[in-house]
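Before any comments, here is the structure.
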Amino acid sequence: MGSITYLFAIAVAAYLFFDQRSRARKARRFPPGPKPLPFLGNALQFPASDPGEKFAEWEKEFGDVVGLTLYGQKVIVVNTYTAAAELLEKRSSIYSNRPQRALFAKYGGWDFAISATNPGELFNLERRFLNQFFNTSAVKRYFNLITKNARRYISLTANDPTRFRDWNRITTAANILSVAYGHEVADENDEWVERTEQAMKSFGVLGPPGTHPIDIFPSQVGYLPFRIWGLKFSEGMKIVQKCAHEMSIVPYKLVKDQVLAGTAVPSLSSTLIENNLLPDKSVKNEKAIYGSAAVVYMAGADTTVSSIDSFLLAMLLYPDIQKKAQRYVDGLLQGERLPTLEDRDSLPYIQAIVKETLRWQPIVPLGLPHSLSQDDTYRDYFLPADTMVIYNLRRLLRDPTEYPEPDQFKPERFIDSDAGQLKLRTDVRDPEDMAFGFGKRICPGRHFANATLWITFATLLTVFDISLAKNEAGEPILPDLQYVNGTVSHPKHFQCVFRARSEHALSLLQSTSDLFDALE
Ligand code: HEM
């Protein structure tokens, strides 16, 4: 009896030992993915422009977490909300680095930008500063400004509808430059707007992240003169560096001089300079201050502009939804006034339209990649430190199990009508839980963005009927819903007809200049 027990105990111990080893071995497995080539890895298969289709193919073959290698860099592409939330949200403490882009940060001079820094002193300070100015209650102090610029956009569009996309860009810039620096955008030739647009364009020379030899082997080739990569590259990098300086130090110094002279218009920069001013007139935490202000424009303008254009596309393609939204707006405003952000809770249908716009056309289709600060295991997979994590936001926001008929624009999916009263549903996943990213890296400007989109959509619906342009034969021109891909994607050229819904609506806009004063 004793020896049987003994043998049984050995068998159990042996089983546990081998089971543990086999699980450990299994956990050393990187997630499956397409077969890599030596050195290049999957670089040649990695889609340079529209990754959506390729990612969908890989997901079908390998599952919702796909493993890739790009020149030795391990990458995972995450295709479900469950996996993204588990890794980037719940394990945020180790999934919040950014893949290092030496070309942009170190050699391009953009190392002050929070989007390029890893959690640490500079990151914490910049997140704290941004949160101080963009948390839910702080953004309320910008409601008047946002409303004013939404009306300005619509007023400019009423006067010259052919340039509706320019007006969107300029008035969005006006919002953000005012918040960041107290700078008032006077007209379309504003030097600050041009400067920042030049900076955005200059990034073209950097190419897709992680593909230039300086990004792949920073310590080996980074110190070599830019000339060896060609004249175009070398000239392009000089512009990137010049823009980094002009976007950060130049406006910062200007505001600092204004603070010292007592002439600064209150803004994120002026307040932070005042709060960090030392008796000898130097400023503590300078880099975090100019970094926070510069990144607000870089991250906030393009994204908001593209979301507003996507809303216009939805209104062109779904006229019944436009009519329905207008009925709700008219029911509240009775054609007597324009909407304000105080009306937000009374118009849940417009809130649902904001959510559906962010879901229907995810304008940051792959989010911003995170990276792992230490080894981890997930399911049976081993994920080494420095693995890049791409969350396929377009896939997450168009998941048919969360959002049936995901290609359709249907704000109704977020609406409940309780005894005839509309309210937002709480049992459907809110696209805002994904569209603004995850964990410690979640977009700090999300409340500001939501307010800007809401007031712009509500005012557009109050003032205009938005409809398709017609060709010479009188047939409607349907937009093809093609987007120019990039970190932020934008709809390609499309046309829109804006017809004022009433003379009174226009006159409300025209009297807006008085209203602006009242709002300020
Ligand atoms: C519709 C508008 C917007 C969308 C869809 C959007 C989306 C995003 C996304 C997906 C990220 C990446 C988060 C992550 O890494 O997981 C991000 C980061 C960021 N966003 Fe936004 N954003 C918008 C507007 C804004 C605005 C208005 C501001 C500024 C006021 C802003 C400031 C930032 C900053 C500074 C980051 C970098 C955060 C970091 O690296 O830690 N965004 N945004």
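The structure presented is a predicted model; accordingly, all values stated were derived computationally and were not measured. Remember, it's 1-based here, ligands and their atoms both numbered in the order they're listed. Residue indices begin at 1 and follow the sequence shown.
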[Y] and [X] side chains, donor-acceptor separation under 3.5 Å:
| X | Y | value |
| --- | --- | --- |
| Glu286 | Tyr252 | yes |
| Asn118 | Gln100 | yes |
| Thr452 | Tyr142 | no |

Does ligand 1 have any N/O atom under 3.5 Å from a protein N/O, and what are those pairs and their distances?
| from | atom 1 | to | atom 2 | distance (Å) |
| --- | --- | --- | --- | --- |
| ligand 1 | 15 (O) | Arg98 | NH1 | 2.8 |
| ligand 1 | 15 (O) | Arg98 | NH2 | 2.9 |
| ligand 1 | 15 (O) | His370 | NE2 | 3.1 |
| ligand 1 | 16 (O) | His370 | NE2 | 2.8 |
| ligand 1 | 16 (O) | Tyr391 | OH | 2.7 |
| ligand 1 | 16 (O) | Phe438 | N | 3.1 |
| ligand 1 | 40 (O) | Arg98 | NH2 | 2.8 |
| ligand 1 | 40 (O) | Arg441 | NH1 | 2.9 |
| ligand 1 | 41 (O) | Arg127 | NH1 | 2.8 |
| ligand 1 | 41 (O) | Arg441 | NH1 | 3.1 |

Taking the six-membered ring for Trp, are the ring centroids of Phe203 and Trp110 within less than 6.0 Å of each other? yes
Are Tyr381 and Phe30 close enough that their ring centres sit under 6.0 Å apart? no
Between Lys287 and Glu126, does at least one N-O distance fall below 4.0 Å, as a salt bridge requires? no
